[in-house]
Every structure is written in C-alpha cells, then in structure tokens.
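See below for the structure under consideration.
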Amino acid sequence: LLNTIKPDFSYIETNYQNIIEWLNIQNLETFKSLEKNNRIIIEGGPGTGKTTIAKAFIRRYKSLHGVYICWNRLLASTIKNELNLVGLENCEVYQYISFFSHLDPEHKFITFDDFQNSSVDLLQKITAFLKEYRNRKSFVPYDYIIIDEAQDIFDKGVSDVLNSLTSITNSGLENGRYLLFFDTEQGYNKEMRELNEYAANISRFGAHFILSENKR
C-alpha cells in the first residue's frame with residue numbers, strides 16, 4: 001500500500017481483443033463473435049471476467065445511450081464511479097429497484113415493498129408499468145441495456161425490461177441490443193425460483209457464452 005510502490009499492471013479495457021488476451025481464452029474465433037452479436041448472454045462465476053467485459057461493452061458503445069442495471073447497490077455504485085472516472089457518461093447506472101424509481105419517481109405503479117418477495121403480482125405490476133411507460137410521448141428506447149448478476153432478478157421482470165426498453169416495437173428480446181450476465185449457482189433458492197428455466201428462456205434469443213475459468 002506504500003505510495004512509493006508503483007503497480008506494473010497496465011491493462012485497459014479498450015476493446016474485446018484486449019479482453020480476450022487478458023482472459024487468456026483459447027478459442028478466440030468463438031469468443032470474437034461477441035463483436036458480431038447484439039444480444040449476448042454470458043454465464044460465469046465470480047472472477048471470470050464478467051464485469052470487465054461489461055465495461056468494455058460500454059466503451060465500445062460509448063456514443064450510444066445505455067443503462068447498466070444490477071441488484072447489488074454497492075456494485076452499482078462501484079461501476080458508476082469507474083465509468084465516471086474514464087468519462088463514459090452515456091451509460092446510466094442503477095440498482096434494479098432504483099431503476100424503477102427513476103422511471104416511476106412518484107411510485108404510482110411499483111413501490112419498494114413490491115420487490116421484497118417475487119410474485120405474480122410484482123410481474124403484473126412491472127408489465128403494466130412498462131406498457132404505460134412505453135405509451136408516453138417522451139418514450140425513447142435505450143440503445144442497449146446491461147444486466148449484471150441477473151440471477152438475483154430473473155424472476156423480477158428482467159425479460160419485460162429487455163423486451164420493452166430496448167426496442168421501439170416492444171420486441172427487444174429478439175432485436176434489441178443487450179448484454180446479460182448470470183450465475184445461477186449464486187442465486188438464492190435457485191430451484192424454488194426456477195432460475196435455470198429463466199436463464200434458458202432468455203438464452204434462446206442471443207449468443208450464450210460460458211466463462212468457466214477464474215481470472216482473479
């Protein structure tokens with residue numbers, strides 16, 4: 001921790017090639033297809049490079065208006081700070097509940113308490129709100145959405161968010177641009193919440209990659 005000791009780590013997430021080299025992925029041709037897909041689903045545990053890829057994705061689309069969403073408030077704060085430090089200001093960053101508070105500041109449709117337990121009622125409220133939100137004259141879809149740690153919110157309307165907010169025609173799952181990360185092994189009550197089923201359903205719409213090697 002002494003300020004006289006200078007780190008020799010000079011990695012910068014400037015493009016996917018840098019990430020490929022840093023992660024030391026052997027099948028480069030397969031992984032390069034990230035650059036040819038607008039809908040990317042990446043499965044991997046802690047330390048496999050998911051957040052690094054997210055920051056590179058944001059840098060790649062730095063001229064577009066996007067949003068990064070996760071369930072963990074600390075992670076959201078960390079990502080927001082890191083993006084601000086490098087001037088990537090076109091990507092908004094929100095914790096999932098805060099994202100809905102941003103869209104619905106008066107909480108006419110959804111409240112904080114609605115998110116405490118996943119339920120059919122919550123999903124119905126999210127669907128109703130997104131329908132109303134899309135009908136506003138001011139509605140403009142995001143150019144891209146990044147969902148990190150999706151296993152925490154698979155059953156809290158993630159599919160509706162992607163479908164509604166990345167497409168002017170309400171078909172974002174099929175033709176929008178998004179990057180989704182998940183690791184069902186980290187999800188609480190994964191069997192009861194049917195996390196693998198949610199993951200399989202979303203994975204049908206994009207390129208699904210698995211990162212299995214810890215890079216930390």
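None of the values given here were measured: they were computed from a predicted structure.
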Does the side chain of [Y] come within less than 4.5 Å of [X]'s, by heavy atoms?
{"X": "Tyr178", "Y": "Leu173", "answer": "yes"}
{"X": "Asp155", "Y": "Ile153", "answer": "no"}
{"X": "Val67", "Y": "Phe99", "answer": "yes"}
{"X": "Arg39", "Y": "Asn37", "answer": "no"}
{"X": "Ile41", "Y": "Phe209", "answer": "no"}
{"X": "Glu174", "Y": "Phe205", "answer": "yes"}
{"X": "Leu180", "Y": "Val158", "answer": "yes"}
{"X": "Ile146", "Y": "Ile69", "answer": "no"}

Just say parallel, tilted or perpendicular for the rings of Tyr133 and Phe139, cut-offs at 30° and 60°.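 Perpendicular, since the angle between the ring planes exceeds 60°.
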Do [X] and [Y] meet the criterion of a side-chain donor-acceptor pair at a distance under 3.5 Å?
{"X": "Asn163", "Y": "Ser159", "answer": "no"}
{"X": "Asp183", "Y": "Gln186", "answer": "yes"}
{"X": "Tyr94", "Y": "His102", "answer": "yes"}
{"X": "Tyr142", "Y": "Glu92", "answer": "yes"}
{"X": "Thr78", "Y": "Asn81", "answer": "no"}

Grab the two heavy atoms, one from [X] and one from [Y], that are nearest each other, plus how far apart they are.
{"X": "Gly157", "Y": "Tyr96", "answer": "C-OH, 3.4 Å"}
{"X": "Thr169", "Y": "Ser171", "answer": "OG1-OG, 2.7 Å"}
{"X": "Pro141", "Y": "Ser167", "answer": "CB-N, 3.7 Å"}
{"X": "Glu132", "Y": "Arg136", "answer": "OE1-NH2, 3.0 Å"}
{"X": "Cys70", "Y": "Ala76", "answer": "SG-N, 3.6 Å"}

For [X] and [Y], indicate whether the former's side chain and the latter's backbone hold a donor-acceptor pair under 3.5 Å.
{"X": "Gln95", "Y": "Ile97", "result": "yes"}
{"X": "Arg134", "Y": "Phe129", "result": "no"}
{"X": "Ser77", "Y": "Arg73", "result": "yes"}
{"X": "Asp104", "Y": "Ser101", "result": "no"}

What's the separation between atom [atom1] in [X] and atom [atom2] in [Y], rounded to the nearest 0.5 Å?
{"X": "Asn72", "Y": "Ile79", "atom1": "CG", "atom2": "CD1", "answer": "10.5 Å"}
{"X": "Leu130", "Y": "Ile110", "atom1": "CG", "atom2": "CD1", "answer": "6.5 Å"}
{"X": "Leu75", "Y": "Lys80", "atom1": "CG", "atom2": "NZ", "answer": "13.5 Å"}
{"X": "Asn38", "Y": "Leu179", "atom1": "CG", "atom2": "CG", "answer": "11.5 Å"}
{"X": "Leu64", "Y": "Asp143", "atom1": "CG", "atom2": "CG", "answer": "4.5 Å"}
{"X": "Leu162", "Y": "Ile202", "atom1": "CG", "atom2": "CD1", "answer": "6.0 Å"}

Does the separation of the ring centres of [X] and [Y] fall below 6.0 angstrom?
{"X": "Phe57", "Y": "Tyr144", "result": "yes"}
{"X": "Phe182", "Y": "Phe154", "result": "yes"}
{"X": "Phe100", "Y": "Phe115", "result": "yes"}

Under 6.0 Å from the six-membered ring centre of Tyr61 and within 45° of its axis: does the NZ or CZ of Arg177 meet both?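 Yes, Arg177 and Tyr61 form such a contact.
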Mind running side-chain contact (heavy atoms from CB on, under 4.5 Å) on Arg193 and Lys156 for me, showing each step along the way? CA-CA 10 Å; Arg193 293 170 58 215; Lys156 295 178 174 63; 4.1 Å; yes
Taking NZ, NE, NH1 and NH2 as the nitrogens, is one of them in Lys125 or Asp121 under 4.0 Å from a carboxylate oxygen of the other?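 Judged by the 4.0 Å cut-off on N to carboxylate O distance, Lys125 and Asp121 do form a salt bridge.
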List the steps and the verdict of side-chain contact (heavy atoms from CB on, under 4.5 Å) for Asp160 and Leu123. CA-CA 9 Å; Asp160 279 341; Leu123 296 180; 5.6 Å; no
Using a 6.0 Å cut-off, check whether atom NZ of Lys62 has over 12 heavy atoms from anything other than its own residue.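 No - once you tally the heavy atoms of other residues, nucleotides and ligands closer than 6.0 Å, there are 12 at most.
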Applying side-chain contact (heavy atoms from CB on, under 4.5 Å) to Leu88 and Arg59, what does each step give before you reach the verdict? CA-CA 7 Å; Leu88 296 175; Arg59 187 182 294 274; 4.2 Å; yes
Check the pair Glu89, Leu83 against side-chain contact (heavy atoms from CB on, under 4.5 Å), reporting the backbone distance first and the verdict last. CA-CA 7 Å; Glu89 300 175 353; Leu83 295 183; over 6 Å; no
